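Take a look at the structure set out below.
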Amino acid sequence: MKKKRIAAFMLAAASMVSMLAGCTRETVNPGDEPEDSTKLTLYVSNYEGGFGKVWLEKAAERFEELHKDDVFADGKVGVDIRINSSINGTAGSSFVQGLGSNTNDIFFSEDTFYYDVTAGGYALDITDIVTEKLSAYGEDKTIEDKMDSSLVNFFKTSDNKYYALPHYETYYGIVYNVDVFDQKGLWLSADGDFVRPGEATLSNGPDGQPNTYDDGLPATYEEFYALCDYMVSVGVTPFALPGSIVSMETLMLYQLYADYEGRDNFMLNYTYNGVATDLVNSIGSGLNAEGKFDDMLPATTIDSTNGYLLQQQAGKYAALTFAKKIIDNASTWCTNGSFLNSEDHLSSKHTYLKNGRATSDNLVAFITDGVWWENEAEENNIFATWAPYGAPTRETGRFAFMPMPKASKAQVGEKRTIATNCNLSLAFINAKLADNPEKATVAKQFLQFLHTDEEMQNFSVQTGTMKPFNYTVSEENKAKMSYFGRSVVETRENKNIDTVYAYGNSSKFLNNFATFYPDYTWANHHPFADLRVPGEQTSTVEGFFSFITAKRGQEWWNGLKG
Amino acid sequence: MSAPKHRLKPQKKRTGELLFYVALIAIPMLQYLIMYVAVNINSFLLAFKSYEVNTDGTATIKWIGFDNFVKFIKSLFEPEMITMLKNTLIVYGARLGVGTVLALLFSYYIYKNYSGSKFFRYVLMLPSFISPVVLVMIYTFVVEYAVPSLFHMRSLFDGEPMQRLLVVIFYNTLVGFGSGVLMYSNAMSRIPESLVEYGKLEGISPLREFFSVTLPCIYPTIETFLIIGLSNIFMDQANLYTFFGGATHQSMQTTGYWLYNMVLDNRATMSDYPYISAAGLVLSAITIPIVMIARHFLDKLDREVEF
């Protein structure tokens, strides 16, 4: 009997403990201190993904300090900001569905479709704070003035109202370790050799210009492939991929696609208004020396009746060509875990830092990740875990985003293009505050405060990323940032790099939002998964072309809403 | 004089009982009406609507009749949906052909108290005590690291989609085993000992006993399991989401996964839901006659053994 009881107890304990293991890093974190009833309290719900919560905690402290003497009704003095940070509770369609009963006052969310929020009446009208000059903070601009026209077109409804603002600027890509490049001599010289710094004049890189940030980096796909082969020969594994989150590789390819197309062609996918100059008619023998396909369509005017033709943009298939090459060489170009289901976006970061330091594996040169990767690695103690083994930390490491190589020499020098949809992040105020004008005013002040140049710089310093607004990070603040963070800021500041915001405001786009999401660029298929499966239609670039043009042709287009 | 008092007392008692009953049932009933009935009615109605957002931030909800149904029915003939339906049947077939048969055999083994049966009873129940997320994690490490290390081969998840689906089906069979064994062995334990003794006296073998005594006696339980499994056939996502999240390879997906992922997908918007509702209703409409026909034939097989 006693044994049975012990067994039952142990099973019950196992059951309970295993339930805890299913939990994510979800912290309902109103701080350690009890709520202060003498102050006006604002509840803020924050998506604690890659950008974490520290930026918000620090900003909240500064706002509280700024308003510590403000007097409110019921004798309350000062503001108390309570932050609830979570992953699952502040993102996605289920978050939107639950907004009607959500009691938080302000939201910083991700994967939130703006027009579902407005249509549900979940967000407070914030037009006043977006369009008034930030003179209280010594600025002569409005928040709207700091927004790109694509963002204004999307966020400003047709009756000239704003209900939310984009929260952070995100894009994926290939991160490279500058120190590994130095140590292993992976820089490309003007003569086509691989060298260490100072050993020879470096090549001009994808921008085709000497003495710029990309000198010595591969300018073309071919140079990139050669670099990967060379890496293997000197004991470096090029890639650590997050095998279970194959969408991250898809989103890296999306950048390759955007870079190939450039602003005008790429933004056709969101405006359906203009001339497409590089539509593929058939793949034929693949990319030619010009970085095009032999069988191209003539320049074609795109409008709301024939947007399906954009499925044939050459950049999509050039990116697939690039992916196919990596996959065909995966056994040497990628770490062992790169295609495993147990390797996610955090474990791939571990692999990137530990390999060659805490293990006998090769050092790894690249990781495919988002612009927030360093902040995420730090807030998850990944840097701290491997630092004792000699791995770089956020402070000591030198990482940077690699400019995407061009498909051919002929395209070297074309303007670098980065596309962002800001991960559908939003900053908005709960519509319920309309019943509490005093609280609504303070919530608006907080939102406005966060969009002053100074606070946006603070955000950049803390997260190593930019907010999707035009502002300059001072040299003093840059000095506080990591090498990687500085590279992100300098990328935005570089006039020869075009950041395009992948938003549209046509009815077609708004009513088929998921269809046009960057993850689904290749007709909801993930090239890094499909190209690895022999025999499937989508295991070749040509097969992908046939599949996409068949699946997303005129009939599909006509069947879309809007 | 005291008679009226006696007559009133039970009535008072009944009123009190009724009040107690109402108090007990009211909140759960209200919750059921709101959270189940109303939600499902809403979901049903949604299938006949179109939800379109406007550039002024509002939405227009229109009745569009059967448009969403027509669209989904057309999609049933597309290659990707045919693959999903095929996978759905494979998952169900494996559950039925392998899971149920093995569960019955193991249940019989336990019921007969053969050696180690107590051990098996506990071990087979273990997965039911552990969170599915943890189990999936453990299983993933086994197929991606342990098995390849032991047999010097590639990860079992690093292969063609059908291979990966089979690995997932194997997992489902393993974890589904416990509850099946528990149900069947409990049903077997209710078989009258006298019936078994009679069989013994007649000299029937254990195999004969299994087919001629045990199975007919527990047939209603088996039938219930089969009907429940069949009614869930198009909704079974086979733990694919737990294994691969939203990025399950198209060639591995089941209709249940597809529906689940469409709703749970972070990119889904309100505009997508009417179509998903219609898809759910169409799949339910396909399921109903299948279940009715299956039940008709399964009832015919019932020898109506009573004990």
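Quick caveat, the model's predicted, so the values are computed rather than measured. Lettering of chains follows the sequences in order, A, B, ..., and the numbering in each one begins at 1.
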Starting from the C-alpha separation in whole Å, work towards a yes-or-no answer on side chain to side chain contact (heavy atoms under 4.5 Å, CB included) for A/Leu510 and B/Thr55.
CA-CA 8 Å; A/Leu510 297 181; B/Thr55 53; 4.0 Å; yes
So B/Phe244 and A/Asn341, do their side chains get closer than 4.5 Å, heavy atoms only?
yes
For the CZ atom on B/Phe44, are there more than 12 heavy atoms of other groups (residues, nucleotides or ligands in this structure) within a distance under 6.0 Å?
no
Working to the nearest 0.5 Å, report the span between OG of B/Ser271 and CG of A/Asn511.
4.5 Å
Around atom CD of A/Glu555, are there more than 12 heavy atoms from other residues, nucleotides or ligands closer than 6.0 Å?
no
With a 4.5 angstrom heavy-atom cut-off, could you sort out which part of B/Tyr51 is near chain A: side chain, backbone, both or neither?
both
Of all heavy-atom pairs between B/Ala268 and A/Ser93, which one has the smallest distance, and what is that distance?
O-CB, 3.5 Å
Exceeds 12 heavy-atom contacts within 6.0 angstrom, atom CD1 of B/Ile27:
no
Kindly write out the residues that satisfy side-chain contact (heavy atoms from CB on, under 4.5 Å) with A/Asn505, not counting sequence neighbours, or none if the list is empty.
A/Asn153
State, without any angle test, whether B/Glu52 and A/Ser507 hold a side-chain donor-acceptor pair at a distance under 3.5 Å.
no
Is the shortest distance from a Lys or Arg side-chain nitrogen in B/Asp56 or A/Lys161 to a carboxylate oxygen in the other one below 4.0 Å?
no
Region of A/Tyr517 in contact with chain B, defined by heavy-atom distances below 4.5 Å
side chain
Side chain, backbone, both or neither of A/Phe509 within contact of chain B (heavy atoms, under 4.5 Å)
neither
Quick one: what part of B/Thr269 sits under 4.5 Å from any heavy atom of chain A, side chain, backbone, both or neither?
both
A/Asn524 versus chain B, the contacting section by heavy-atom distance below 4.5 Å:
both
Report which part of A/Asn160 has an atom under 4.5 Å of a heavy atom belonging to chain B: side chain, backbone, both, or neither.
neither
Hydrogens and angles aside, do A/His526 and B/Gln250 bring a side-chain donor and acceptor to less than 3.5 Å of each other?
no
Any chance CZ of B/Phe48 has more than 12 other-residue heavy atoms, nucleotides or ligands included, within less than 6.0 Å?
yes
Ranked by heavy-atom pairs below 4.5 Å to chain B, first place among A/Phe113, A/Tyr163, A/Phe513 goes to A/Phe113
B/Tyr273 and A/Gln97: CA distance, side-chain angles, deciding distance, side chain to side chain contact (heavy atoms under 4.5 Å, CB included) verdict
CA-CA 11 Å; B/Tyr273 291 142; A/Gln97 299 308 312; 3.4 Å; yes
Backbone N or O of B/Met270 within a donor-acceptor pair of the A/Asp116 side chain at under 3.5 Å?
yes
d(B/Ser251 OG, A/His525 NE2) to nearest 0.5 Å is 7.0 Å
So which part of A/Gln537 gets closer than 4.5 Å to some heavy atom of chain B, the side chain, the backbone, both or neither?
neither
With sequence neighbours excluded, residues passing side-chain contact (heavy atoms from CB on, under 4.5 Å) with B/Leu76
B/Phe72, B/Met81, B/Leu85, B/Val282, B/Ile286
Walk me through whether B/Asp272 and A/Lys561 qualify under side chain to side chain contact (heavy atoms under 4.5 Å, CB included).
CA-CA 10 Å; B/Asp272 301 314; A/Lys561 289 180 185 177; over 6 Å; no
Hey, is CE on B/Met183 packed in by over 12 heavy atoms from elsewhere, all under 6.0 Å?
no
Evaluate side chain to side chain contact (heavy atoms under 4.5 Å, CB included) for A/Glu536 paired with B/Glu160, printing each intermediate quantity in order.
CA-CA 9 Å; A/Glu536 294 267 317; B/Glu160 291 183 11; over 6 Å; no
Give a yes or no on whether B/Asp158 atom CG has more than 12 heavy-atom contacts from other residues, nucleotides or ligands under 6.0 Å away.
yes
Flag the one option from A/Leu340, A/Asn512, A/Val533, A/Asp519 with the top tally of heavy-atom pairs under 4.5 Å to chain B.
A/Leu340
Please tell me if the side chains of A/Ser342 and B/Tyr145 come closer than 4.5 Å, counting only heavy atoms from C-beta onward.
yes
